[in-house]
Amino acid sequence: MSGAELSFTVNGAATRLQVAPRLSLADVLREELGLTSVHVGCGHGVCGACTVLVDGVTMRACTHLALSLQGRTVETLEAVADRQDRRIAALQAAFLAHGGLQCGFCTPAVLLTAHELLGHTPRPSRAEIRMALSGNICRCTGYGPIVDAIEAAAQELAP
Amino acid sequence: MTPAAFAYLRPNSLPEALAALSEHGDEASLLAGGQSLVPMMMLRMARPGVVIDLGGLRGEAGLDGLAAAEGAIRLGALTRHRWLEQDPQVARHVPALAHAAGWVATPAIRNAGTLGGALALADAAAEYPAVVLALAGHLHLASARGTRRVAAEDFFLGPMQTDAAPEEMLLALEIAADAATGFGFCEIAERRGDYALAGAVVVRGPGLPGGVRVAVFGATEATCLAPDAARLLAEAPPGDWSDARLDAVAAAARAELADLALDPWRLRQAGVAVRRAAQDLAARAAPGGVS
């Protein structure tokens, strides 16, 4: 493939690829690296389904040209869920217990968003939870069960 | 979605970036956080022939974060929204900007998008141009030929139009330290994080031209000042802003913005936003008010 060399860290592994300039980070993560927790809904930064961590904070994979990630560190839900992390484990369990997902399309991104929220705000109010979720579109749950699940996870982690 | 093809350049220093810009000028777009440019490219509303990625310039002095200069706060163009929202010095010296940063889009976009990107885009629905106009800030621009400093009122020329030439890059925003002793803010949108349908910033301080400044965004073709509304607010201290005065302020804003408003409903909302922003300023100024 034509393009330039992209050298970055993905889920802990030093990664080098030839990347065409017009490919997004979401394209590269899904198509080249097989990281399918990165869902592409709208493809232009509105739905939030492609949320990943870049240098430890949430960003949208579809609104980043892959080459702009040169030298940076990307983590997807695959890696966050695999590491020994009480926060993501509590969130996953609470989403199951409270019906925080139906079709599941938005779920990986919602989990990463909630994970970031509980990292800086351990006991968020329901309004703060909704504010944090303002960039993640869910078309199934009506958000109520998602907010319930995040609230329950926060309660379990910081009683 | 995939953008139209383009050539990608990633300079490693400011001089390299400015040289690339002077070579490619009109057909080049600068990529900072990319949270507007990349979606516009995905939708093919923007089709730059060359993208100059500024990611390699993050280590350059003065481009990321705050530098206090003589009586002024200088913020680098590559400073991210999320940092502005959380930095204690920005909150202390330019609280209107820190507050507005929390209203830019949604969290994952604020983690990526930049101050300079938003200012250079000059979207009429964006928060920062209104804050910078209200606070009478200055923009620092650079090209391969040198640098210059432009007042906000001369920089923002219209919707998506600024005084920056194709070969110029925005380096920093400068605002007089503690320019305002009080601010108020209101944004009306369908959901938090959506584009503003109408918004207003009101600032007050002895060092500001006229003592009170009002800027409106979202409702009008371009971000603009509302000097008649500001004059009415300057006549009395915030503690004495009665309902009758605020009604008159909203009416004055509607009258002076009528030709610029996108439609009659937006014009009405602009009046509402100005009124609520003034109320917000008064509430913050009151003893025990929110900071």
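So you know, we letter chains A, B, ... as the sequences are listed, proteins then strands, and number each from 1. None of the values given here were measured: they were computed from a predicted structure.
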Student: Measure distances from B/Leu31 to the heavy atoms of chain A and classify the residue's part below 4.5 Å as side chain, backbone, both or neither.
Tutor: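 Only the side chain of B/Leu31 comes within 4.5 Å of chain A.
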Student: State, to 0.1 Å, how close A/Cys62 and B/Met42 come at their nearest heavy-atom pair, and which atoms those are.
Tutor: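 Scanning both residues, the minimum pair turns out to be O-CE, 3.3 Å.
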Student: Among all residues two or more places apart in sequence or in another chain, which pass the side chain to side chain contact (heavy atoms under 4.5 Å, CB included) test with A/Ala114?
Tutor: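 So A/Ala114 forms a side chain to side chain contact (heavy atoms under 4.5 Å, CB included) with A/Leu91, A/Ile150.
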Student: Go through the atoms of B/Ala4 and report whether side chain, backbone, both or neither lie under 4.5 Å from a heavy atom of chain A.
Tutor: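 The backbone, not the side chain.
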Student: Find the one option among B/Ala5, B/Ala105, B/Gly193 whose heavy-atom pairs under 4.5 Å with chain A are most numerous.
Tutor: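 Among B/Ala5, B/Ala105, B/Gly193, the one with the most close pairs to chain A is B/Ala5.
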Student: Scan chain A against chain B and return every donor-acceptor pair whose distance is under 3.5 Å.
Tutor:
| unit_1 | atom_1 | unit_2 | atom_2 | d |
| --- | --- | --- | --- | --- |
| A/Arg22 | NH1 | B/Pro3 | O | 2.8 |
| A/Thr58 | O | B/Asn111 | ND2 | 2.8 |
| A/Thr58 | OG1 | B/Asn111 | ND2 | 3.1 |
| A/Arg60 | NH2 | B/Thr106 | OG1 | 3.4 |
| A/Thr63 | O | B/Gln35 | NE2 | 3.3 |
| A/Thr63 | OG1 | B/Gln35 | OE1 | 3.0 |
| A/Thr63 | OG1 | B/Gln35 | NE2 | 3.3 |
| A/Leu67 | O | B/Tyr8 | OH | 3.2 |
| A/Glu116 | OE2 | B/Asn111 | ND2 | 3.3 |
| A/His120 | NE2 | B/Arg82 | NH2 | 3.3 |

Student: Count the heavy-atom pairs under 4.5 Å between each of B/Gly55, B/Pro107, B/Gly34 and chain A, then report the option with the highest count.
Tutor: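 Greatest number of close heavy-atom pairs with chain A: B/Pro107.
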